[in-house]
Amino acid sequence: MGNSAACSCGQGPPPTVKQRLLKEQPLGFLPQALESWEFSSLDLDTEQLSLASFALLQASFSACGGADKDLLAGFVCGAREGYLPNPYHNFAHAVDVLHTMVRLGFWMPW
């Protein structure tokens, strides 16, 4: 019969984070939060953090790699998997720093 916990309604295994990133599925939080200083990476689970970082990178760097969704999704997944599960320097912290840099960059008079 297989593992029913891994399948959803008999449609096969659930999509990987990379597959979800490429399908542009809902973030699981309001996308407007990314455009606010009220954004808190600590309120998100790992999948939501991946989706948030994908959205931030894609919107901010479309001219230099953000337009290649497959490449960008691979980068986000690689970065996420490279972090160790420690209390401070973790993927949530990385997404928080990314959000801050994108917000600051938006206000810079380039």
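Positions are given from 1, in the same order as the sequence printed here. The structure displayed is predicted, hence computed values, not measured ones.
Put simply, CG on Leu51 and CG on Leu56 are 11.0 Å apart, with the number rounded to the nearest 0.5 Å.
Residues Leu49 and Val95 come closest through the heavy atom pair O-CG2, 3.8 Å. Across Leu57 and Leu72, no two heavy atoms sit closer than the pair CB-CD1, 3.7 Å. The minimum heavy-atom distance linking Ser41 with Ala92 is given by the pair OG-O, 2.9 Å. The two atoms that bring Val76 and Ser50 nearest to each other are CG1-O, 3.6 Å, heavy atoms only. Among all heavy-atom pairs drawn from Phe39 and Ala52, the shortest one is CZ-CB, 4.2 Å.
A donor-acceptor pair under 3.5 Å is absent between the side-chain atoms of Gln58 and the main chain of Ala55, judged by distance alone.
Residues passing the side-chain contact (heavy atoms from CB on, under 4.5 Å) test with Asp43, sequence neighbours excluded: Ser40. In this structure Tyr83 satisfies the side-chain contact (heavy atoms from CB on, under 4.5 Å) test together with Phe91, Ala94, sequence neighbours excluded.
The side chain to side chain donor-acceptor pair (under 3.5 Å) analysis of residues 95-105, with sequence neighbours excluded, yields no pairs.
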